[in-house]
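Worksheet for the structure shown next.
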Amino acid sequence: MIGFEFKAHPLMFFKIIKPYIFVLFLPFLRAIVQYLTIGKTSGTMFLEFVAIFVISVIAFFGYKSIKISVKGNRVTIKRGFLIKGEVSIDISHISSISTRQNLLDLLFGSVSCFINTEAGRPKKDDFNLKLYKKDAKILCILVNGSEKVKKISFSTFRIALLAAGTSSVLTGMIIAVPVVKKTGDIINVALTDLLLEQMSDISSKIDNYLPSFVNYVTVFFVFAYMASFVITFFKRVKFRLIVGKKTIEIESGLITRKNIIFKKSKINNICFEQTFLMRILKKYSMSVSIAGYGNKKGERATVVPIGNKNSIKNQAKVIYGAFDYYENKTVPKQNLASLKNFLFVPMMIFLALITTVTVLLLVFPHVRRFILLFAFITLCFNLYYVSICYYDYKHSFVCFSDVILASASKKLSVQELCCSKNKVGVIKITQTPADKRRKTCKTKITVCSESADSARVKHIDLKSVIEGINRTYDVKINV
């Protein structure tokens, strides 16, 4: 039986020592520069040198010890210098193999290769290795096989729409602020202070009715959103979907090129999602949750970045098969009483807002403009929340059959979840006192996966839900 063996790329050495770069290597280099320029150094320089030497020796032999072999239907991974380890995996249990290539990898012909199994560690890749690009490509073929495929590309404009619809101020702040601070520390320049000064100058030039600090916050939010947009755009641009009979491959990214290939049989669920901007444009995105995929909770593989509902569902049928079992659909009652149930929370928020603003205007009249601005922003959010609740009233549903379908809002977006009945981990039915009077319930479908995708449908008929569960899973639950 012919076997294949692959060794780690030399850049794996730097991947191993990466956690120590900011702790040991950069301070040591700074001490050397200080010694060469002013003839002085810290008293810990020798200890830093010893620590760097020991870590470098361990990293070198650790990199040399890594071997991946494929023989028959098993993949064996050996690694470790002082403490040796060996893992043997059946190919059928490998859920996905993904690669990532940045500019440095492109220069040296390497890729970061991530191998995941169904029994993966939560929030972490099972194996994260640096391989030669050609070896990683051969490894993917050996694990997933070779077949005739259909290639689908997506325009830059559609990727820009996706980036605009999925970017957020919070994401920009989380990603951009630490990067700017760390870069400033490395080059010894106060980049954070410089950016804050620039934003302050821009906000001071905006002469309007609003307080100056509101202009400053607005400019800051715009910068954060722009940072999130740019990051998302460069991660998704040049998106290409490659669909085979048994496998799906996804390529995306400009500066860092990412590739993931997985088997269709490893898909836990499909999710159609609309963010705020996508709802305005009447567009959807489609993603799949894969067993063991991803290095953080909730990560999913985007299969179709953006498109209209019909085209995306046609793509889903190619990937997942037929799933339009709408004849057993359970929906909320379409009457005035049901509508009041859905709009109860936003109505309470509106009444609380009116009361709060009235009290604040009477107590703090000198900050009237700020209070009115706060009221206007809160009212806008509440109106959008009303539209989300109305969507649940008109379009939410749950459908029990061989394929489970559930459509409902989730946070500030709307989604439709689709999965096999065997992939459902939990079906949770809850009732408030009001639900008991109306004989309705809230039904939450949770997929049995690492990311634990879920959909929660509110105010639907309890009897219909119980009948659907009994029919689908051949059980007897009494109402």
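All residue numbers refer to positions in the sequence shown, counting from 1.
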**Asked** Does a donor on one side chain sit under 3.5 Å from an acceptor on the other, for Asn341 and Lys458?
**Response** no

**Item:** Asp435 (side chain) donor-acceptor with Thr432 (main chain) under 3.5 angstrom
**Value:** yes

**Rounded distance [0.5 Å steps], SG in Cys140 versus CD1 in Ile115** = 8.5 Å

**Request:** Just do the side chain to side chain contact (heavy atoms under 4.5 Å, CB included) check on Phe262 and Ile267 with the steps written out, would you?
**Result:** CA-CA 8 Å; Phe262 54 89; Ile267 295 177; 4.0 Å; yes

**Asked** With a 4.5 Å limit on heavy-atom distance, are the side chains of Ile460 and Val398 in contact?
**Response** yes

**Fill in**
Interatomic distance, NZ@Lys7 vs CG@Leu131, rounded to 0.5 Å, equals 13.0 Å

**Item:** Other residues, nucleotides, ligands: >12 heavy atoms within 6.0 Å of Lys421 NZ
**Value:** yes

**Request:** Check whether more than 12 heavy atoms from other residues, nucleotides or ligands sit under 6.0 Å from atom NZ of Lys238, and answer yes or no.
**Result:** no

**Message:** Please find the pair of heavy atoms, one from Tyr132 and one from Pro10, that lie closest to each other, and give the distance.
**Reply:** OH-CD, 3.4 Å

**Carboxylate-amine/guanidinium proximity below 4.0 Å for Glu251 and Arg257** = yes

**Item:** Gly307 backbone acceptor or donor facing Ser311 side chain under 3.5 Å
**Value:** no

**Item:** Donor-acceptor under 3.5 Å (Ser65 side chain, Gly62 main chain)
**Value:** yes

**Whether His9 side chain and Phe108 backbone form a donor-acceptor pair below 3.5 Å** = yes

**Pairwise distance NZ(Lys151) to CG(Leu241) - rounded to 0.5 angstrom** = 12.0 Å

**Message:** Taking Ile280's backbone N and O only, do any of them form a donor-acceptor pair with Gln274's side chain (distance below 3.5 Å, no angle check)?
**Reply:** no

**Item:** Check: Ser110 main-chain N/O paired with Gln101 side-chain donor or acceptor under 3.5 Å
**Value:** yes

**Message:** What I want to find out is whether Asp105 reaches Lys130 closely enough, with some N-O distance under 4.0 Å, to be called a salt bridge.
**Reply:** yes

**Asked** Do the non-hydrogen side-chain atoms of Val403 and Cys418 ever get within less than 4.5 Å of each other?
**Response** yes

**Item:** Contact check, side chains of Lys410 and Val414, non-hydrogen atoms, under 4.5 Å
**Value:** no

**Asked** Taking everything shown except Tyr391 itself, do over 12 heavy atoms lie less than 6.0 Å from its OH?
**Response** yes

**Request:** Check whether any side-chain N or O of Gln334 sits under 3.5 Å from a backbone N or O of Tyr393 as a donor-acceptor pair, and report yes or no.
**Result:** yes

**Message:** Just so I know, are the side chains of Val87 and Arg79 near enough to count as touching, which here means a heavy-atom distance under 4.5 Å?
**Reply:** no

**Request:** Quick one: sort the Phe229 and Phe233 rings into parallel, tilted or perpendicular, breaks at 30° and 60°.
**Result:** parallel

**Prompt:** Do any N or O atoms from the side chain of Arg456 and from the backbone of Lys444 form a donor-acceptor pair under 3.5 angstrom?
**Reply:** no

**Backbone N/O of Leu412 and side chain of Tyr385: donor-acceptor pair under 3.5 Å** = no

**Request:** Would you please test Lys246 and Asn144 for side chain to side chain donor-acceptor pair (under 3.5 Å) and show each step?
**Result:** CA-CA 8 Å; Lys246 296 181 179 179; Asn144 296 293; over 6 Å; no

**Asked** Once the angle between the rings of Phe4 and Phe6 is folded into 0 to 90°, is it parallel (under 30°), tilted (30 to 60°) or perpendicular (over 60°)?
**Response** parallel

**Prompt:** What distance separates Glu273 CD from Glu416 CD, expressed to the nearest 0.5 Å?
**Reply:** 12.0 Å

**Asked** Which heavy-atom pair separates Ala59 from Ile17 by the least distance, and what is that distance?
**Response** CB-CG2, 3.3 Å

**Request:** Over all heavy atoms of both residues, which pair between Asp392 and Ser409 is shortest? Give the atoms and the distance, please.
**Result:** OD2-OG, 2.7 Å

**Message:** Is it the case that over 12 heavy atoms from other parts of the model lie below 6.0 angstrom from the CG atom of Asp474?
**Reply:** no

**More than 12 heavy atoms from other groups under 6.0 Å of CZ on Phe376** = no

**Prompt:** Taking the side chain as C-beta and beyond, is there a heavy-atom pair between Thr378 and Val357 under 4.5 Å?
**Reply:** no

**Working for ring pair (Phe, Tyr, Trp, His ring centres under 6.0 Å), residues Phe239 and Phe154** = CA-CA 6 Å; Phe239 191 99; Phe154 296 86; 5.5 Å; yes

**Asked** Can you name the nearest heavy-atom pair linking Tyr384 to Thr275, along with the distance?
**Response** OH-C, 4.4 Å

**Fill in**
Between Cys389 and Leu343 the two heavy atoms that sit nearest each other are CB-CD2, 4.0 Å

**Request:** For Lys15, look at atom NZ and say whether over 12 heavy atoms of other residues, nucleotides or ligands are found less than 6.0 Å away.
**Result:** yes

**Request:** Could you please spell out the steps behind the side chain to side chain contact (heavy atoms under 4.5 Å, CB included) verdict for Val75 and Ile91?
**Result:** CA-CA 6 Å; Val75 176; Ile91 286 178; 3.9 Å; yes

**Partner of Asn259 under side-chain contact (heavy atoms from CB on, under 4.5 Å), chosen from Ile242, Val111, Thr99** = Thr99

**Message:** Please find the pair of heavy atoms, one from His93 and one from Lys266, that lie closest to each other, and give the distance.
**Reply:** CA-NZ, 4.3 Å

**Separation between NZ of Lys235 and OG1 of Thr256, rounded to the nearest 0.5 Å** = 10.0 Å

**Message:** Is there a side-chain contact between Asn335 and Leu339 in this structure, where contact means two heavy atoms from C-beta onward sitting under 4.5 Å apart?
**Reply:** no

**Request:** Answer yes or no: is there a side-chain heavy-atom contact under 4.5 Å between Ile89 and Ile94?
**Result:** yes

**Message:** Run the side chain to side chain contact (heavy atoms under 4.5 Å, CB included) test on Leu417 and Leu405 for me, step by step, so that the C-alpha distance in whole Å, both residues' side-chain angles and the decisive distance to 0.1 Å come before the verdict.
**Reply:** CA-CA 6 Å; Leu417 189 70; Leu405 297 168; over 6 Å; no

**Item:** Any side-chain donor near an acceptor of the partner, Arg236 and Ser252, under 3.5 Å
**Value:** no

**Thr472 side chain near Ile404 side chain, heavy-atom distance below 4.5 Å** = yes

**Item:** Trace of the side chain to side chain contact (heavy atoms under 4.5 Å, CB included) decision for Leu139 with Val143
**Value:** CA-CA 6 Å; Leu139 178 63; Val143 171; 4.2 Å; yes

**Atom pair OG1/CZ of Thr443 and Phe400 - distance to nearest 0.5 Å** = 6.0 Å

**Request:** Step through the shown structure and confirm whether more than 12 heavy atoms of other residues, nucleotides or ligands are within 6.0 Å of CZ on Phe13.
**Result:** yes

